[in-house]
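Quick one: structure below, then a few questions.
All ligand and atom numbering here is 1-based and tracks the order in the structure.
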Amino acid sequence: MLRPSNASVPCDQSGVARAVAALRAGGLVGLPTETVYGLAADARNNAAVKRVFTAKGRPADHPLIVHIADISDLHEWAKDIPAYAHALAERLWPGPLTLVLPARDDTSRLLTGGQDTIALRLPAHPAAQEVIRQTGALAAPSANRFGRVSPTSAQAVVAELAEVLDDADVVLDGGDCSIGIESTIVDCTSARPRILRPGFYAEELINDVAGIAGVPVSEASDVPRVSGSLPGHYAPSTQVTVVQPDDFAGMDGARLEHALVLTTEDVAVPSPAAHVMKARDALDFARILYAAFRRADELEVQEVLVTTPPAVGIGVAIIDRITRAVHGSAHMNP
Ligand code: AMP
Ligand code: MG
């Protein structure tokens, strides 16, 4: 059980020092990043990395993302790095981008889920950077139990994992995540980049920066194992249902009353709806998406009624996460 005094440690000098000490001692840290909170372990400590899998209930063949503090650290983990991957790192790091690269022979296969590829990211959150600078590379998948909603606040990490963390583990409170959904994952192991998971950085930007046409997402097949690509991932316990903006007008009042509605400011939602969350734009939508899912579970409403943003820019990633949440929640609410 997480010691209460180690839950939500503020992101000041002493909080960072506690997080660093915990990681050096082989402990786990709930780490703020700009995408979602990670559950971090020293990437070079196999026992600590194993605990990440146990705490999350994550199958051992699902690889972790290794977070580094400097672009030059790429070479400590990856080999045969194509020029376009360097271009992506130079332009888009620090930031919500994960590069999948050929793993060096001495890179632990515990991190790669047994594969010969390693996922690397340089996060933009200043506290994450500060911690990694002091500890060295950290393996950090999202700080949720396997298949569930990624946490976007320190409180959500505590709610999700307090029971499976230890006395010596720490949750560092870096505030609400500014992006709110997971990084764009780009496979850089072939001649052309290929997006494995959409995110804040859209396909057009990735191709543009890479300076080479990527494998179109629609044509991608035989993709490597990416846990975020399972059909039912990122799911709350509450059933998630996609609706059209016009659907609200004719909707049964009782249905609205027992739902949490997540939509945009321009959509009119009739008054029987007690719980309404409205996003200003697509970026705001991404920021509040997982908080809305968590709130629905806390409120024990019957449904999340969600409209989807246009399928451009970050909208593609939002639709991807909503689609998986619909699928995953349908399994829990047969
Ligand atoms: P998360 O647990 O949300 O941080 O997710 C990490 C994501 O990165 C998962 O979807 C992983 O499967 C994916 N990932 C990590 N390493 C690799 C790799 N070597 N090849 C493909 N995907 C990877
Ligand atoms: Mg995850």
Side-chain angles (χ1 to χ4, degrees), residues 28-41 43 49 51-68 74 77-81 85 96-104 107-123 125 128 137-152 156-157 160-161 177 179-190 193-201 215 220-236 286 289-290 293-294 317 320-321 324-325 328:
L28 304 185
V29 166
L31 186 74
T33 85
E34 70 279 21
T35 56
V36 301
Y37 272 72
L39 181 64
V49 172
R51 273 199 59 218
V52 171
F53 285 94
T54 325
K56 280 185 60 96
R58 184 178 178 116
D61 63 353
H62 285 270
L64 306 177
I65 297 175
V66 172
H67 291 65
I68 56 179
L74 268 177
W77 305 92
K79 62 180 183 186
D80 307 332
I81 302 169
L97 169 72
T98 298
L99 302 178
V100 172
L101 291 159
R104 264 171 57 151
T107 292
S108 163
R109 290 324 191 236
L110 204 58
L111 299 166
T112 71
Q115 305 179 100
D116 291 330
T117 56
I118 180 83
L120 294 159
R121 180 164 109 80
L122 201 168
H125 197 292
L138 298 177
S142 52
N144 51 281
R145 284 165 295 134
F146 186 66
R148 306 307 298 274
V149 179
S150 303
T152 54
V157 177
E160 185 78 19
L161 294 176
C177 298
I179 292 177
I181 56 172
E182 304 79 357
S183 57
T184 305
I185 303 183
V186 183
D187 177 4
C188 302
T189 60
S190 322
R194 178 168 65 168
I195 294 181
L196 301 180
R197 176 173 73 184
F200 175 81
Y201 291 135
V215 180
S221 57
D222 71 299
V223 286
R225 275 195 300 269
V226 179
S227 66
S229 73
L230 296 175
H233 215 72
Y234 312 117
L289 178 69
Y290 291 152
F293 286 172
R294 282 181 189 279
D320 170 77
R321 304 306 192 274
R324 295 179 204 288

Quiz item: Using heavy atoms and a threshold below 4.0 Å, how should the contact between R197 and ligand 1 be classified: side chain, backbone, both, or neither?
Solution: side chain

Quiz item: Would you call S142 and K56 a side-chain contact if the rule is heavy atoms closer than 4.5 Å?
Solution: yes

Quiz item: Do W77 and I68 have side-chain heavy atoms sitting under 4.5 Å apart?
Solution: yes

Exercise. For T112 and ligand 1, answer yes if some heavy atom of the residue is under 4.0 Å from a ligand atom, otherwise no.
Key: no

Exercise. Show which atoms of ligand 1 fall inside a sub-4.0 Å distance from at least one heavy-atom site of L64.
Key: 15 (C), 16 (N)

Quiz item: Given that the side chain starts at C-beta and the backbone is N, CA, C, O, which of these parts of T117 lies under 4.0 Å from ligand 1, counting heavy atoms, or is it both or neither?
Solution: both

Quiz item: Can you find a heavy atom in the side chain of H62 that is under 4.5 Å from one in the side chain of F146?
Solution: yes

Exercise. Under 4.0 Å, heavy atoms only, figure out whether ligand 1 is touched by the backbone of D187, its side chain, both or neither.
Key: neither

Quiz prompt | Contact check, side chains of R197 and R321, non-hydrogen atoms, under 4.5 Å | solution = yes

Quiz item: Do N144 and Y290 come within less than 4.5 Å of each other through their side chains, counting heavy atoms only?
Solution: no

Quiz item: Considering distance alone, does some N or O of S142 sit under 3.5 Å from an N or O of ligand 1?
Solution: yes

Practice problem: Provide the number and element of each atom of ligand 1 under 4.0 Å from a heavy atom of I185. | Solution: 7 (C), 8 (O), 13 (C)

Practice problem: With L28 as reference, evaluate T54, L161, V52 under the side-chain contact (heavy atoms from CB on, under 4.5 Å) test and give the passing residue. | Solution: V52

Quiz item: What do you reckon, does R58 have a nitrogen or oxygen under 3.5 Å from a nitrogen or oxygen of ligand 1?
Solution: yes

Practice problem: Would you please name every residue forming a side chain to side chain contact (heavy atoms under 4.5 Å, CB included) with A78, sequence neighbours left out? | Solution: I81, L101, I118, L120

Quiz item: Closer than 2.8 Å to the Mg ion (ligand 2), do we get an N, O or S atom from Y234, backbone or side chain?
Solution: no

